[in-house]
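The shown structure was predicted, so the numbers you read here are calculated from the model rather than taken from an experiment. Worth knowing before you read on, the calculation uses all heavy atoms, side chains too, and leaves out hydrogens, waters and symmetry mates.
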Amino acid sequence: MDIDRYLEILREEGELLLAAALRAGWDAEVPTCPGWRVRDLVTHQGTVHRWAGRIVSEGRTRDVPAPEADVPDELLPDWFARGHRRLLAALREAPADLECWTFLRGARSPLLFWARRQAHETAVHRVDAELASGPDLSPVDPLFAADGVDELLVGFHTRPTSRVRSARPRVLRVTARGFAPWTLRLSPEPPVVSREGDETADCAVTGEAADLYLALWNRRPYGERVSVEGDAGLARLWHADSAVRWSDPAPEHVDP
């Protein structure tokens with residue numbers, strides 16, 4: 001995917017998130033983020049937009065603290081929308097050869113990294129906002145969903161901070177229909193991920209890209225839309241241990 005497509009999705013997802021939040025109301029519980037209400041979700045996402053926008057617009061070569069935010073409910077819509085617009089502007093106006101801090105492997109450029117990361121960050125939390133307002137979800141483009149699965153598996157879970165580990169070697173295969181599979185080799189060390197699919201897997205998780213995207217980010221259960229074959233314990237291990245976290249120098253950030 002190219003940067004223009006990521007920015008188009010980032011714009012759409014931010015607008016959908018705010019619209020869903022307003023439908024749900026600030027006090028509504030967010031079922032996929034235990035302990036959060038909608039105001040917490042919107043404040044979190046608005047803070048992340050400002051944090052990422054600062055790194056891009058200032059060309060920061062190290063992480064920066066996330067800004068503190070204590071916004072009255074009546075000002076939250078405008079506050080969120082301003083931060084969203086500023087992030088989009090920062091990404092659109094940044095030079096193609098931007099040099100700045102990133103935190104995942106494999107990005108073709110820092111600018112593409114931030115466009116991709118913020119598009120997926122916002123999309124996942126848009127799902128949270130919509131689930132707070134009702135059961136219906138806006139669709140996820142299959143190519144974007146498969147890209148998000150790749151970012152989650154290859155980008156996040158090959159890092160030393162990944163908690164998805166197994167006391168003995170196991171193989172988990174993830175397949176989005178129409179795309180090459182991901183093979184995760186689990187051990188006491190961080191997962192090793194490849195796009196090869198010929199090795200026998202202990203557990204195979206298969207579904208349409210959009211359904212896998214939501215399941216692997218723990219936004220929807222596997223259920224009928226995502227099949228689990230073999231050792232279902234590996235799928236439960238993923239659900240229990242795959243939440244993404246990061247801390248210092250920025251305050252802790254958790255995507256449940």
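Proximity of the aromatic rings of H44 and W36 is defined here by a centroid distance below 6.0 angstrom, and this criterion is met. Note: Y222 and H239 fail the aromatic proximity criterion, with ring centroids not under 6.0 Å apart.
Side-chain contact between N218 and S242 is present, with at least one heavy-atom pair separated by less than 4.5 Å. Under the 4.5 Å side-chain criterion, counting only non-hydrogen atoms from C-beta, D128 is in contact with R219. Between T206 and R173 there is no side-chain heavy-atom pair separated by less than 4.5 Å. Proximity of E151 to F156: side-chain heavy atoms (C-beta onward) are separated by under 4.5 Å at one or more points.
Using modelled atom types, one finds a donor on one side chain and an acceptor on the other under 3.5 Å when comparing W51 with D63. One side chain, S194 or R185, offers a donor N or O that lies under 3.5 Å from an acceptor on the other.
The 12-atom threshold is exceeded at CD of E12, counting heavy atoms of other residues, nucleotides or ligands nearer than 6.0 Å.
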Practice prompt. Go through D73 and R39 one step at a time and tell me if the salt bridge (Lys or Arg N to Asp or Glu O under 4.0 Å) criterion holds.
Written response: CA-CA 7 Å; D73 290 354; R39 68 167 57 83; 2.7 Å; yes
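When R50, H84, E121 are each tested for a side chain to side chain contact (heavy atoms under 4.5 Å, CB included) with Q45, only one passes: E121.
Under the 4.0 Å criterion applied to side-chain N and carboxylate O atoms, D150 and R116 are assigned as salt-bridge partners.
Legend: residues meeting side chain to side chain contact (heavy atoms under 4.5 Å, CB included) with D2, ordered by chain and number and at least two apart, are D4, R5. For R11, the salt bridge (Lys or Arg N to Asp or Glu O under 4.0 Å) partners at least two apart in sequence or on another chain are E15. Considering only residues two or more places apart in sequence or on other chains, R23 meets the salt bridge (Lys or Arg N to Asp or Glu O under 4.0 Å) condition with none of them.
Here the closest non-hydrogen pair linking A209 and A146 is CB-N, 3.9 Å. Here the shortest heavy-atom pairing between P181 and T175 reads CB-OG1, 3.4 Å. Between A167 and P188, the shortest heavy-atom distance links the atoms O-CG, 3.7 Å. The two residues L153 and V193 come nearest to each other via the heavy atoms O-CG2, 3.6 Å. The two residues F80 and L17 make their nearest non-hydrogen contact at CZ-CD2, 4.1 Å.
Stacking of R195 on the aromatic ring of W182 is recorded, both the 6.0 Å distance cut-off and the 45° axial limit being met.
Residues Y213 and L16 are members of separate hydrophobic clusters, defined by side-chain heavy-atom contacts under 4.5 angstrom among Ile, Leu, Val, Met, Phe, Trp and Tyr.
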